[in-house]
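These values consider heavy atoms only, across backbone and side chains, with no hydrogens, waters or symmetry-generated copies.
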Amino acid sequence: MLILSCVLLVVTVVRPARSAERIGVSYSCLSSSIPLSLLETYARTGQIDSKFADYAPRINSKQLAQLQQLLSTKIPLNSVAVSQFLHTPIGEELLGRLAQVIQTDDLASEFHALRDAMILAARNPQGFTPLEVLRQFPSETVYIKLEKALALVGEVNQFVNQTNDASMVVNQKATLEAQFPFDLSRSENLRQPGRLAWKKQTLTLSDPERDRQIPTDLYLPHSRTRHPIVVISHGLGSDRFSFAYLAEHLASYGFAVVVPEHSGSDSNQLAMLLAGRVRDITSPQEFLDRPIDVSKLLNKLEQLSRFDPELQGRLDLQSVGIVGQSFGGYTALAVAGATFQAQHLKTMCQASQDSLNLSLLLQCGATQLPQLPSHLSDPRIKAAIAINPFSSAIFGQAGLSQIRVPTMIVASSADTIAPTLPEQIQPFTWLTTPNKYLALITGATHFSALASSPNEAIPVLPFVVGTNPIPMHQYLKALNAAFFKTYLMNQQQYRSYLSANYVKTINQLPIQLALVKTLSTSDLSKNLEDRLSLNLSACILLLLVFAPFPLWDWASNSVKPYTRRLM
C-alpha cells in the first residue's frame, strides 16, 4: 500500500506549465541571473560560454572542475526512492533547511517546490543530475537568497578554519610524539595478512523477544587454541560485507571475528525504504537494539563455545573487542561503557534547529524513545575502536568519560556526515581512560573505510568516497591488528606500533595518517567551541548545486562589490 501511495504521488505531481530557465541570486531588492542553459553546456562540454565567462574567472580551475563534475553527476535513484526519503523526518528536516536559501518568482512554497522538483527529476530512468532538479522548479527563475547563502558561506569558512586548526593541532602533537625513528625493516608488516588461515561460516541468531534476526559471519582461524573475539559493527545502510577485508585480516592474526548485521539499520532497511516498504531510514529503537545485538551475540557464542564441537574451546569470551564505523562507532562506544545523557541530548537537539550536521539529526531521533537506559555496556568488552563515530549529543562529555577500557577513535578530515571536530576530535578529549588513541586520516571521508558490498542499496559515488580509499584500509588493518594484539592478547611488543613514530613510517600520499595519545581541550583553540554542529558537506553541496556563482569569492570579501555590480 505504501508503494502504491508513493507511485500515485509521483504520477499525480503534474509537470509545471513552466520550468526554470534561469538561475540567479537576490540580495534585498536587487537580483541578477544567467540562463540555466549556460551551466548545462558547461557541465556537458566543459566549454565556458561568453556570458558565463564573467563569472568563471572568479573561480579557480580546481573549483571549476569540481563544479562541472557535480553538475553532471548522475544520482542513481528513482522517483519512488527520492519521494520515500524526502518524506522521512530527516528528509523533511533537510529540505526545510535547504529551502531557506531558495526563492522562486511565483507563489509556490520553496519547500514543496524543492521536493517536487527532486521527485520529478528522478523520473529519468538513467538517473538525474542537480541541473535537472533546477529545471523542474515551477518558476522561470530560481534565485539564491544571497543573505542566507552568505551566512552559510561564513559558517562554512568558520567551520573549515576550525577543523583545519584542530587537524593542525593533532598533526603537530603527532610530530612531537614521533621523536624516535621506527625501524620498519626490522618490524612486522601489519598491513599484510598474518600467518594463520581461517574459515568463514554464517550464523543466524534469532531473538524472539525483539522479533529480530541477526545474521552473522564468523571468521575463525585454523587453530585449536582459544581465540580472543573481535566484533565488527557496520554503519547505517551498510552490512556485514562492508568490512570483510578487515575481518579477514584480523582472523589471519589469530582473532575470532564476528560481524553481525543489524537488521533495523542495514542495507536491507535502506533498500526497503527506497522501495516504499518502510517509512524511515531507521527507527529510534535502533539506538538500543544495536548494543543489545552485540550482547545477545556474545551470549550465543558462549553457548556455542560450550556445546558446538567445532567451536568448543576455541572462543575466549573474556577477551572481546569491538570495532564499529559511523552508527557502528556509536555502537562500539555504547557497549564499551559510554553512558546515555538524555537531558544533554534534549538540550543539544533543541539548540540545533539551524544545524546541517547529519549525524546530529540522527542522534536527535533518540529523543523519541520513551526512555533512554543509563547504559547498555557489556562487561565482556575489553577494548574498542570507533571509526567515524557520532557521540557528541547522545553521550556528551559526561557519558564518554565513563569508558574505562582502551579506546581508539579514528577520524577522517573530510568527514561530512559525522563532522571531524565535534564528533571525533572533541569527544576524544572527553575520554578519561588511560589507554586512548586518536587517529586522524587527512584526506579521507566518512565512506573511505568501507569496501564495496554486493548488497548495496545505493552505490556510493566516487566523489563521495573521495581519494583512493585503499591506503585508509591499509591503515585500519595495521591499527586494528596492533591495538587488539596489545589489549586482547596482551602481547606488549605490539604497543610500539601504536605510536606516532610507527605511523609516520607507513604514511602514503595523498592520504596521511597521524596518531596521538594525548590531546586536551586547552590544546585546541578557544574558537573551536563555537558552532561545532555545522555539516560542511551539506553547505558546500547546497552552494555548489544551487549557487554556481563565485560565492567562494564573496565569502572571503564583502557583499558590497557584488551589490554594486547588480546596480
Side-chain angles (χ1 to χ4, degrees), residues 90 93 155 158-159 162-163 165-167 169-170 235-236 284 286-287 290-291 324-369 372 375-376 384-403 407-433 436 438-440 446 519-521 523-539:
I90 290 180
E93 184 74 21
E155 291 177 342
Q158 182 185 40
F159 184 81
Q162 291 172 341
T163 301
D165 289 345
S167 297
V169 170
V170 173
L236 177 63
E286 201 67 8
F287 282 93
R290 278 175 152 264
Q325 188 266 344
S326 190
F327 209 170
Y330 150 83
T331 306
L333 295 172
V335 297
T339 57
F340 298 104
Q341 304 297 317
Q343 185 56 50
H344 176 71
L345 175 65
K346 181 179 179 181
T347 301
M348 288 279 288
C349 294
Q350 289 174 340
S352 69
Q353 297 305 307
D354 295 326
S355 170
L356 290 176
N357 181 341
L358 296 183
S359 72
L360 185 56
L361 290 179
L362 186 61
Q363 291 175 75
C364 290
T367 60
Q368 300 176 33
L369 291 168
L372 272 174
H375 67 87
L376 287 172
I385 295 180
I387 305 168
N388 311 122
F390 50 79
S391 60
S392 62
I394 197 164
F395 296 137
Q397 182 172 3
L400 289 172
S401 66
Q402 299 305 307
I403 295 177
T407 302
M408 177 182 290
I409 292 179
V410 180
S412 301
S413 69
D415 189 338
T416 55
I417 304 298
T420 313
L421 181 56
E423 298 299 340
Q424 287 108 47
I425 295 179
Q426 190 84 350
F428 173 78
T429 67
W430 300 337
L431 293 174
T432 58
T433 177
K436 63 176 185 176
L438 173 64
L440 175 64
H446 190 77
L519 186 72
S520 65
T521 303
D523 291 324
L524 304 174
S525 167
K526 293 181 179 180
N527 292 331
L528 299 183
E529 299 282 342
D530 301 330
R531 305 192 70 86
L532 289 179
S533 62
L534 179 67
N535 182 301
L536 180 60
S537 70
C539 290

Between [X] and [Y], what is the shortest heavy-atom contact and its length?
X      : Y      : result
Gly324 : Ala332 : N-CB, 4.1 Å
Gln368 : Pro284 : OE1-CG, 3.8 Å
Gly329 : Ala386 : O-CB, 3.8 Å
Thr420 : Ala414 : OG1-N, 4.5 Å
Leu438 : Phe428 : N-CE1, 3.5 Å
Pro389 : Ala418 : O-CB, 3.7 Å

Kindly compute the distance separating [atom1] ([X]) from [atom2] ([Y]), expressed to the nearest 0.5 Å.
X      : Y      : atom1 : atom2 : answer
Ser326 : Glu423 : OG    : CD    : 10.0 Å
Thr429 : Gln397 : OG1   : CD    : 6.5 Å
Ile417 : Leu360 : CD1   : CG    : 13.0 Å
Thr367 : Gln350 : OG1   : CD    : 9.0 Å
Leu400 : Thr433 : CG    : OG1   : 11.5 Å
Leu333 : Thr339 : CG    : OG1   : 11.5 Å

Contact between [X] and [Y] at the side-chain level, heavy atoms closer than 4.5 Å - yes or no?
X      : Y      : result
Ile403 : Leu431 : yes
Pro291 : His375 : no
Leu345 : Leu372 : yes

Donor-acceptor pair, [X] side chain versus [Y] backbone, under 3.5 Å?
X      : Y      : answer
Gln341 : Ala393 : no
Gln402 : Thr432 : no
His446 : Pro419 : no
Gln424 : Leu440 : no

*When you measure from the centre of the six-membered ring of Tyr330, is the NZ or CZ of Arg290 under 6.0 Å away and within 45° of the axis?*
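No, Arg290 and Tyr330 do not form such a contact.
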*If the plane angle is over 60° it's perpendicular, under 30° parallel, otherwise tilted; pick one for Phe395 and Phe340.*
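Tilted: the ring planes of Phe395 and Phe340 meet at 30° to 60°.
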*Should the pair Phe287 and Phe390 be assigned to parallel (<30°), tilted (30 to 60°) or perpendicular (>60°) ring geometry?*
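Perpendicular, since the angle between the ring planes exceeds 60°.
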